[in-house]
Amino acid sequence: MDRYLVFGHPVRHSKSPFIHTLFARQTQQELEYGLAEPAIDEFARALRTFFDQGGKGCNVTVPFKEQAFTLVDCLSPRAKRAGAVNTIKLTDDGVLLGDNTDGAGLVADLKSHGVTLADSRILLLGAGGAARGALAPLLAELPSELVIANRTHAKAQQLAAEFCDLGHVTAQTYEQLAGSFDLVINSTSASLQGELPPLAPALIHTDIAIYDMMYGASDTAFISLAKQHGARQTMDGLGMLVEQAAEAFTVWRGIRPGTKQVLRELKRNLGVI
Ligand code: ATR
């Protein structure tokens, strides 16, 4: 049977085996999908062994995405732009193709929530790997402006400079932020430390949509803050997780699974509904 897996560390709590097993059942594809948690300095060797032993493809998650970028034979344009690889496919002619489906997953999830990106004013919080992966797919939707704010301002400036050929993208400090944004996307890892990005609550208004790339069984701190200040719409990253997986599945199998039912099952599994 065709074998796939996700590499990460830690990876025990990954939802990817659950999601891909449901996709395979839904599309009647014969495959198995497992987990691999190599030691941090063993990833390159584990990846090689997996493909030497007949693996067809894999997902790569924290902390291996940047390393995977350097280990594949060939990069898709979106992986090149993201500087990271979350999906690897062994092609028929034995080439390891590195792709990145995270940004496409974010945009697909935003659209499935009915968020309009064209001509909108978007604020992206954070300038790490997650922000980098999101930028090109967001800018491809032609927002009127995309502002990046990051605790370390120089990193936001660097990202804005790197992506300015794709649209109107600027960097501002959290203190400089002003005016009315249509959508705020939190790509920071602040909530992993139980913290919040230092966004002035005054920027959250009743006509704003808030997206947190993180998710959990209950509201993230950022989503709670947004609700407290009357945000019109709040979304967490669970849908992005399912959508990036659907995109990876499509890369591997050439068939696109539906995501709605899988997302519902995942929520039930997490105890959210
Ligand atoms: P990822 O790959 O998940 O993006 P990362 O590359 O380590 O992870 O980036 C984490 C991002 O979250 C960074 O933008 C970081 O800000 P700095 O560049 O200033 O480090 C941001 N971040 C983490 N904790 C934060 C906090 N408490 N407040 C604001 N931003 C935070």
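Counting starts at 1 for both ligands and their atoms, in listed order. These values consider heavy atoms only, across backbone and side chains, with no hydrogens, waters or symmetry-generated copies.
Side-chain contact annotation: S16 with N59, donor-acceptor N/O pair under 3.5 Å absent.
The protein heavy-atom contact nearest to atom 7 (O) of ligand 1 is S189 OG, 4.7 Å. Annotation: atom 9 (O) of ligand 1 to nearest protein heavy atom, G128 CA, 3.4 Å.
Atom 12 (O) of ligand 1 is approached by the protein to below 4.0 angstrom, counting heavy atoms only.
The number of heavy-atom neighbours closer than 6.0 Å to CD of Q193, taken from other residues, nucleotides and ligands shown, is above 12.
With respect to D99 and R78, a salt bridge is recorded, a charged nitrogen being found less than 4.0 Å from a carboxylate O. A salt bridge is absent between R81 and E162: the closest approach of a Lys/Arg side-chain nitrogen to an acidic carboxylate oxygen does not fall below 4.0 angstrom. Using a 4.0 Å cut-off between a side-chain N of Lys or Arg and a carboxylate O of Asp or Glu, R132 and E66 do not qualify as a salt bridge.
Closest heavy-atom approach to atom 2 (O) of ligand 1 among the candidates A127, G126, P198, G129: G129. When the heavy-atom distances from atom 16 (O) of ligand 1 to L192, L159, N150 are ranked, the shortest goes to N150. With A130, A134, P197 as candidates, the residue nearest to atom 3 (O) of ligand 1 on a non-hydrogen basis is A130. Nearest-heavy-atom check against atom 28 (N) of ligand 1 across K65, K155, R151, Q193 picks out R151.
Residues satisfying the side chain to side chain contact (heavy atoms under 4.5 Å, CB included) test with H205, not counting sequence neighbours, are S180, D207, I208.
In terms of polar-atom proximity, defined here as any N/O pair under 3.5 Å, T188 makes no such contact with ligand 1.
Aromatic ring orientation, Y33 versus H20: parallel (interplanar angle below 30°, classes split at 30° and 60°).
Those atoms of ligand 1 that come under 4.0 Å of a heavy atom in T152, given as number and element, are 17 (P), 18 (O), 19 (O). Of all atoms in ligand 1, numbered sequentially from 1 with element shown, those under 4.0 Å from a heavy atom of E195 are 26 (C), 27 (N).
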